[in-house]
Amino acid sequence: MRRVLDRWVAMAAALALGACSFGVRTPDHDNEPTLKTLAGRTVEVGADPGIEADEERTIDAYRRFLETAPQAPQRAEAMRRLGDLEMDLADRRAATATGEGATGAPDYRAAIARYQDYLRAHPDAPGNDRVLYQLARAHEQGGALETALATLDRLVAQHPDTAYRDEAQFRRGELLFTARDYAKAEQAYEAVLAGAPDNPYRERALYMHGWALFKQGQLEAALHSFFGVLDHKVAGREGGLELDSIEGLGRADRELVEDTFRVMSLSLQSLDGAGSIPAYITSDARRSYEFRVYQQLGELYIRQERIKDAADALGAFARRHPLHAQSPVLQARVIDIYEAHGFATLALEAKKHYVAHYGVDSEFRRANPAGWDNARSRVRAYLSELARHYHASAQHSRSSADYQEAVHWYRVYLASFPDDPQAAQNHFLLAELLYEDKRYDEAAPEYEKVAYGYPLHERSADAGYAALLAYAEQHKRLDAAAARQLQRTAVDSALRFAQAFPADPRTAPVLAHAAELLYALDEGERAAEVAQRVLALQPPPADAQRRVAWTVIAHHAFEDGRFDAAEQAYAQVLALTPAGEPARKELVERQAAAIYKQGEQARAAGREREAVQHFERIAAVAPDSAVRATAQYDAAAALIALKDWGAAARTLEDFRRRHPQHPLQAEVPAKLAVVYLEQQQWAQAAGEFERIAGSARDPAVAREALWQAATLREKAAGQPGGSRAAAIQAYERYLKAHPQPLEPAVEARYRLAQLARAAGQPQREQAWLKEVLQADRNGGAARTARTRYLGASAALALAQPLAEDYRKVALVEPLARQLRLKKTRMEAALQAYSAAAEYGVAEVTTAATFHIASLYQDFARAMLASQRPKKLSKLELEQYEVMLEEQAYPFEEKAIELHEVNARRAASGVYDEWVRRSFAALAQLRPVRYGKVERSEGVVDAIR
């Protein structure tokens, strides 16, 4: 049609070009245009030679037509057709322009210009949708993709119902996708999918729609589109596991399917992997190729070297559809992958999964007998490999997990193939593995089946004996009731062994084992009898059996209270036990316990010295036993009861050194403190009280212990190991830890002052005395008679240095200055003594009163003995003397008054040193009144 139209247009153009010659006459023609002449002519019509098709000439003709016929009604169609021709020419050149020898490069500019002119000239022409379609294609072919896209946008916007809608939307999607505008590309592809169901772009648009969503990260939505592609291409088709085996796919479709699976797998791995697949399997069509989705995802993981993920993806299908015919195929693929990539452990686990799901007793076998026949050889091979592998691993690693695995696979193998010629041997290996894995309750009956359930074979006796060993091990782990029942079963098995294999050299061990079991059943007498039979065997049994026998005898004697016999029997057992054997430690402990029990028996009978000997004997017989520490402590307690202080001290001190972490250490300080006090070892006793203070949880106990330690340190100052410094530190430590209660705290300060004085440290003494005074004065309601006494004593002691300072001042020239200084110091001393007297403590008050009186008396004497001024005349000197006597007299009278105050206290029953010294002073000051002491009554009268 198009070629015919092109011809028509070319002919019309030729006719138009020849119109200019119609008026020219030639000699050969009648130029009279009449009907008559026309009627008389003869016209010969020859064969039509046709018009040779030549696009370039046609294009040239159209161009000339458009130039010469600007008003022709065919102009619009000519313009459009010219654009199409120029488009076709460019397409042909594009198709042939390959290689260096090609002529003419494709150029769409002419076509583009022609279409644009047409649209400008005829913007509302009915066929403009086709022009826009061609224009967009020309832009696209010319490389102007953005302009092509804009033109397609215009086409679908202005002509929504155009016949080119599906193709235009598809091409828009392609251009937008190329421009990476995936969101708009998605919309364009959706428009194609919304079109006619049979449009030729639908499948490709569905595929690209998925890609557009994929590029936007909308993976779940993209998968819906990709699954739609597979619904069209692979649903219901037969074929093997590989994609190239799918029936009915051409090369292009196969490539499309392969690429679809690839991008689906990429999407799935970015989501939840195989876990995302089930949500998309929504129809029977998809179920027909579901296994391929899992398989392709697994293959992607393999290419990425994500072997575990690949196995999980392949295995996911088998878990989802365990009875599907392809499940064992995919599972076998998992195993092959693991083995190919060197993941032996994972391959092993996969084999376990395989035999568990496709084995003899599997649901798969019942659902797919034919499929199981195909899997049977793999099941047998995998079972054999699993049993061999874990058997070897268990023997190498001694791992309980390996033992359990090997046992499991042996059991499965024996249950699956019971007629195997190696059944007895495999059964024995099963029992061995159970025993080695310490599953003795399972091993014993399996051994007995091997020993007595098959015709006699080379392992029969070994299995019977091993059953006894399994019973012996098993009973150690059970509670009392279950152990007793098991032991009876073991005894029966031992007797069965002896009956079945009487000549076996292991009969003696079996009898020894029976003795042990009887002992465990509380049949001590019978057990001891069997043990004695073992010892009486000839030739003598091996040391191991004799040791068992002696052990039974020793245990029975111990439980029977015959501890001396038990001790001797344990000695026999130890003599038969190698030094490095683990059981030796327990035997030593039992022997030590037998000795300890003998000590307890002696102590209970009042034989303390004998008890000490037994307790101490443990150190020699079993020095490393756990009971040694307790025995040593009990020996010390017995020695204290015997009042053997020296031995008790040595024992407790040794206990402390040897067993520093023993719980009884907490009681040692108190006991040692008693022992040291009894020995008058004050420093050592103080140390123990300090230990008690450091560990006591009761604050009152800790305080009292610390005080005792300090007083003992003070008491030990003159002993070896003691010192005033230690005593001082002890009291200071007490004060720091216990500033309250008030009384002991004040007492501690006072004693510190006394210790400082004894140490020749007057400044420290004064400091502590001041603290005593200050603490008592600030004591408030906590003050006691003792704190007041100590406060008063401190005040009295603090006044003494002031009095000494006063006495150091001599009344010499310049007399006025010295007199003032002496008076000032006297007042300070008087004030200090007065403060002490104010406490009202009798002996402090009498002392303070005496010292005050002495100060007044001394001041009077000092004035009288003061240095006389120089250059005085005899008369002036006499007058000066009189004046001094007058000045000194009041001080002497004051002294007498105060001494009399002290003297009068005798009537109240106070007659201490200071009262006596006041009487002595009065005897000198007033000898007439106080100097007569012939009768005591006179003294009393004198002070009334």
Side-chain angles (χ1 to χ4, degrees), residues 308 311-312 315 318-319 322 328 331-332 334-335 338-339 342-365 375 378-418 420 422-451 453-454 459 462-479 482-483 485-486 489-490 493 582:
K308 183 63 170 58
D312 289 343
R319 291 190 295 273
Q331 196 65 27
V334 171
I335 296 169
Y338 283 150
E339 290 183 333
F343 293 97
T345 301
L346 294 177
L348 206 64
E349 293 299 319
K351 289 175 183 178
K352 294 181 192 177
H353 180 274
Y354 192 94
V355 299
H357 288 79
Y358 312 114
V360 174
D361 296 326
S362 66
E363 180 66 22
F364 179 82
R365 181 187 181 187
R378 278 191 179 259
V379 171
R380 181 190 294 271
Y382 290 160
L383 281 173
S384 178
E385 291 171 11
L386 287 166
R388 288 198 307 271
H389 171 82
Y390 282 107
H391 192 161
S393 296
Q395 290 180 331
H396 175 72
S397 68
R398 300 297 178 186
S399 166
S400 180
D402 288 343
Y403 280 119
Q404 292 177 21
E405 286 293 326
V407 167
H408 170 73
W409 298 120
Y410 271 122
R411 287 191 190 278
V412 175
Y413 191 89
L414 290 171
S416 301
F417 308 102
D420 192 280
Q422 299 298 316
Q425 175 65 21
N426 288 337
H427 209 150
F428 182 78
L429 292 175
L430 168 63
E432 288 281 87
L433 287 167
L434 288 168
Y435 185 91
E436 291 176 14
D437 194 31
K438 300 182 181 180
R439 293 161 65 178
Y440 306 116
D441 56 332
E442 299 177 59
E446 297 299 336
Y447 276 129
E448 290 181 336
K449 291 176 185 177
V450 176
Y454 292 93
R459 291 290 193 178
D462 292 340
Y465 182 73
L468 299 176
L469 297 178
Y471 283 128
E473 293 295 335
Q474 184 184 350
H475 92 276
K476 299 177 182 177
R477 302 178 173 206
L478 301 177
D479 57 37
Q485 183 59 42
L486 178 70
T489 303
S493 185

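- A distance of 4.5 Å separates CG of D441 from CD of Q474, quoted to the nearest 0.5 Å.
- Between atom CG of residue L434 and atom OH of residue Y447 there is a gap of 8.0 Å, rounded to the nearest 0.5 Å.
- Side-chain contact between S384 and Y413 is present, with at least one heavy-atom pair separated by less than 4.5 Å.
- Considering every non-hydrogen atom in both I335 and A350, the closest pair reads CG1-CB, 3.5 Å.
- A distance of 10.5 Å separates CZ of R398 from CG of D437, quoted to the nearest 0.5 Å.
- The closest side-chain heavy-atom distance from Y390 to L348 is below 4.5 Å.
- In this structure, E473 and K438 have side chains that are not in contact, with every pair of non-hydrogen atoms separated by 4.5 Å or more.
- Within the 4.5 Å cutoff, the side chain of E446 has no heavy atoms near those of the Y435 side chain.
- Using a 4.0 Å cut-off between a side-chain N of Lys or Arg and a carboxylate O of Asp or Glu, D312 and K308 qualify as a salt bridge.
- Of all the heavy atoms in A424 and V450, the pair that sits closest is O-CG1, 4.4 Å.
- Considering only heavy atoms from C-beta on, Y454 comes within 4.5 Å of H427 through its side chain.
- For the residue pair H408 / Q404, no side-chain donor-acceptor distance below 3.5 Å is found, with atom types taken as modelled.
- Considering OH of Y440 and NZ of K476, their distance stands at 7.5 Å, rounded to 0.5 Å.
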For this session: May I have the step-by-step check of side chain to side chain donor-acceptor pair (under 3.5 Å) for Y354 and Q331, ending in yes or no?
Result: CA-CA 7 Å; Y354 192 94; Q331 196 65 27; over 6 Å; no
Problem set entry | Test side chain to side chain contact (heavy atoms under 4.5 Å, CB included) applied to E385 and V355, step by step | CA-CA 11 Å; E385 291 171 11; V355 299; over 6 Å; no
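- Residues A467 and A444 approach most closely at CB-O, 3.8 Å, considering heavy atoms.
- Here the CZ-CG distance, from R388 to L383, works out to 10.5 Å after rounding to the nearest 0.5 Å.
- Side chain of S362 to backbone of G359: a donor-acceptor contact under 3.5 angstrom is found.
- Within a 6.0 Å radius of CG in D479, more than 12 heavy atoms belonging to other residues, nucleotides or ligands are found.
- Contact detail for A318 and Y358: the closest heavy-atom pair is CB-OH, 3.6 Å.
- Y471 and E448 share a donor-acceptor pair across their side chains, judged by distance under 3.5 Å alone.
- In this view, K352 and E349, E405 satisfy the salt bridge (charged side-chain N to carboxylate O under 4.0 Å, His left out) rule, not counting sequence neighbours.
- A distance of 13.5 Å separates CG of L346 from NE2 of H353, quoted to the nearest 0.5 Å.
- No side-chain heavy atom of S416 sits less than 4.5 Å from a side-chain heavy atom of V379.
- Taking the charged nitrogens against the carboxylate oxygens, R459 and E432 have no contact shorter than 4.0 Å, which rules out a salt bridge.
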